[in-house]
Asker: 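Below you'll find the structure I mean.
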There are 2 protein chains.
Amino acid sequence: MKIKIKKIDYLPARQVTFSKRRRGIFKKAGELSILCESEVAVIIFSQTGKLFDFSSSRYQYNTPPPFHTKDVIARYNSHIGGEKSDQPTIHQLQLEKENNIRLRKELEDKSCKLRQMKGVDLEDLDLDELQKLEKLVEASLGRVIQTKEEKIMSEVMALEKKGAELIEANNQLSHRMVMYPRGDIGPEAILELENLNNIGEESVTSESTTNVTTCSNSSLSLEDDCSDILSLKLG
Amino acid sequence: MKIKIKKIDYLPARQVTFSKRRRGIFKKAGELSILCESEVAVIIFSQTGKLFDFSSSRYQYNTPPPFHTKDVIARYNSHIGGEKSDQPTIHQLQLEKENNIRLRKELEDKSCKLRQMKGVDLEDLDLDELQKLEKLVEASLGRVIQTKEEKIMSEVMALEKKGAELIEANNQLSHRMVMYPRGDIGPEAILELENLNNIGEESVTSESTTNVTTCSNSSLSLEDDCSDILSLKLG
DNA sequence: TCTACTATAATTAGGGG
DNA sequence: CCCCCTAATTATAGTAG
């Protein structure tokens, strides 16, 4: 009656063999776990996709098998996966969630402060807090204006320097015109000169008008600009 | 030679039995998978914690065992765990991490904006951005001052109302004094009078102090009006 | 830990209920 | 799916190397 280890073609016989041998393996697994105090899990999927599983723990803890098979699997994962096992994942998830909560709180706090700095949602502040806020915004305004003026000054400086350079270039070109009065300066050279002059004038004019505009416009509704400008800067 | 299924005490014998039976189970598992075309995985941990595992796939795909045992485990998880298997946990972790990154970016963004609203770290802003920021802070300052003034006014109103009530109470008491000049006001009435006066004085004093303190901190010209109004109405 | 051996225990194919 | 039975096969305890 010896059989070859190959697929049993006759379905009824295969089903019977599957049942018998499956129980045989589970029994052997249980025996091994007891005899040698080892932890054993067996997972079998029948040809039709049905699951049969065994784990030695069902004898030890007297609870339904799936959970203990899961335990063995968790141990298996932590053995071979090392860093990718179940427990650290769950622990990490917890950490990430706590982080998230903390970040949300910080974000809410920052948003609230930012709104107050923008001068909205001030209803809940008492007089003393409003006083402090006013000082803060006042000081901020001072710094902004100072920074702006410094920037304007440095740009003016730069433009003056450029102007001086242009004048120098002009002088040199005039000098060359004198040196070569019959005009062997090419058209490109003339164009270059004109461009330089235009650039200089436009720049100076634009910056200076901007400055004037600042001083004349003092109380427009600017709130919406904030996010635009700042995100522009941050982007 | 029949043995009882209980822990083998003699260590060498237990080790030999473990080795023999382990191989026996693996063999049976392999045979079952072939005979009945089923998928089998066996996981065994020895008493010393060493892992031995078998999966039927090693015959089918000719690749190292751990991966195929993992495949069987994955199938096992999707079978029984369904919603609580490995994948969702890892997916959730991914989501939380992405959330975290997003929150961190928002927080950084808000912090930067807040710093700029406070007038620090303005070096990287260009002239146009500084211009807009100035308008924004200016408008904010206006709103803060306005809110503060409104608050001050409402507190003044409250004080006026309280003062008027006190005056009225005074008048009534004086009237009663006239009505009963020989003083047949009972002790309770006297007590009531004293209480009313005390409450009134304490209230006025405290509110007024707060108000003066507030105004003295201000660079604006509100303090004189406040004091005048208070002294005028309450005095 | 492995191999070999042997006697015996355990499993199981095949059949039937 | 359960049980049975029987004969054949297989697994393994004990032992030694």
Side-chain angles (χ1 to χ4, degrees), chain A residues 1-60 62 64-66 68-69 72 75-76 79-80, chain B residues 1-60 64-66 69 72 75-76 79-80:
Chain A
M1 291 187 198
K2 181 184 176 182
I3 58 161
K4 278 227 159 196
I5 302 301
K6 60 174 276 250
K7 179 186 171 184
I8 299 170
D9 291 317
Y10 185 52
L11 181 63
R14 189 165 68 237
Q15 288 173 332
V16 171
T17 294
F18 180 73
S19 177
K20 283 186 176 178
R21 280 180 174 260
R22 171 165 45 81
R23 276 183 297 144
I25 289 176
F26 286 172
K27 190 181 173 207
K28 291 275 185 197
E31 288 178 355
L32 177 64
S33 75
I34 294 169
L35 287 170
C36 307
E37 280 200 335
S38 48
E39 203 167 2
V40 184
V42 183
I43 301 168
I44 301 174
F45 286 98
S46 74
Q47 200 183 18
T48 59
K50 194 172 176 185
L51 167 66
F52 303 86
D53 81 294
F54 167 90
S55 74
S56 60
S57 314
R58 79 168 73 192
Y59 295 133
Q60 296 172 19
N62 191 27
H68 293 305
T69 300
V72 179
R75 192 174 170 189
Y76 172 85
H79 237 262
I80 62 145
Chain B
M1 292 188 199
K2 185 182 177 194
I3 58 161
K4 278 228 159 195
I5 302 300
K6 60 174 276 253
K7 178 186 170 185
I8 298 170
D9 291 317
Y10 186 53
L11 180 63
R14 189 165 68 237
Q15 288 173 332
V16 170
T17 294
F18 179 74
S19 175
K20 282 184 176 178
R21 281 181 173 260
R22 171 165 44 82
R23 276 183 297 152
I25 290 176
F26 286 172
K27 190 180 173 208
K28 291 269 186 199
E31 289 177 356
L32 177 64
S33 75
I34 293 169
L35 286 168
C36 307
E37 279 200 335
S38 48
E39 202 168 2
V40 183
V42 184
I43 300 168
I44 301 174
F45 285 96
S46 73
Q47 199 184 18
T48 59
K50 194 173 177 183
L51 167 65
F52 303 85
D53 80 295
F54 168 89
S55 75
S56 60
S57 313
R58 79 167 75 190
Y59 294 133
Q60 296 173 18
T69 300
V72 178
R75 192 175 170 187
Y76 171 86
H79 232 263
I80 62 143

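Lettering follows sequence order; numbering is per chain, from 1. This structure is a prediction, so every number in the text was calculated from the model and none was measured.
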Asker: Mind listing the closest non-hydrogen atom pair of A:Q47 and B:C36 along with its distance?
Answerer: CB-O, 3.8 Å
Asker: What is the minimum heavy-atom distance between A:L35 and B:R14, and which atoms define it?
Answerer: O-CD, 3.5 Å
Asker: What orientation do B:F26 and B:F54 show, parallel under 30°, tilted 30 to 60°, or perpendicular over 60°?
Answerer: parallel
Asker: Nearest-Å distance, CD (B:E31) to P (C:dT12)?
Answerer: 9 Å
Asker: So what's the dot-bracket for DNA chain D: Watson-Crick or G-U pairs under 3.5 Å, [ ] if a pair crosses, | if it pairs off-strand?
Answerer: .||||||||||||||||
Asker: Please determine if a side-chain N or O atom of B:T17 lies less than 4.0 Å away from the OP1 or OP2 oxygen of D:dT12.
Answerer: no
Asker: For B:I44 versus B:R22, what's the shortest heavy-atom pair and its separation?
Answerer: CD1-CG, 4.0 Å
Asker: Check the distance between C:dA4's P and B:R23's CZ and give it to me in whole angstrom.
Answerer: 11 Å
Asker: Among D:dC1, C:dC2, C:dT11, which nucleotide has an atom closest to any side-chain atom of A:S19?
Answerer: D:dC1
Asker: Under 4.0 Å, counting only non-hydrogen atoms across every strand here, what does A:K2 touch: a base, just sugar-phosphate, or nothing?
Answerer: sugar-phosphate
Asker: Between atom CG in B:D9 and atom P in D:dA13, what is the gap in whole Å?
Answerer: 15 Å
Asker: Closest heavy-atom contact between A:I34 and B:K6?
Answerer: CG2-CA, 3.7 Å
Asker: So, the side chain of B:S33 versus the backbone of B:G30: is there a donor-acceptor pair under 3.5 Å, distance only?
Answerer: yes
Asker: Please give, in whole Å, the distance from D:dC5 P to A:K20 NZ?
Answerer: 13 Å
Asker: Testing the basics here: between B:E39 and B:S56, what is the closest heavy-atom pair and its distance to 0.1 Å?
Answerer: CA-OG, 3.5 Å
Asker: C:dA13 C1' sits how many Å from A:F18 CZ, rounded?
Answerer: 17 Å
Asker: What is the nucleic acid contact for B:R22, judged by heavy atoms within less than 4.0 Å: base, sugar-phosphate only, or nothing?
Answerer: nothing
Asker: Please state whether the phosphate of D:dA11, meaning OP1 or OP2, lies under 4.0 angstrom from any side-chain nitrogen or oxygen of A:K28.
Answerer: no
Asker: Without decimals, in angstroms, what is the distance between A:I8 CD1 and C:dT12 C1'?
Answerer: 11 Å
Asker: Take the protein atom CG of A:L35 and the nucleotide atom P of C:dA10, then report the distance between them rounded to whole Å.
Answerer: 11 Å
Asker: Figure out the CD/P separation between B:Q15 and C:dC2, and round it to whole Å.
Answerer: 11 Å
Asker: If each of B:I25 and B:V16 is mapped to the nucleotide of DNA chain D with the nearest heavy atom, which maps nearer the 5' terminus, i.e. the 5' end?
Answerer: B:I25
Asker: Reckon B:R21 has a side-chain N or O less than 4.0 Å from the OP1 or OP2 of D:dA13?
Answerer: yes
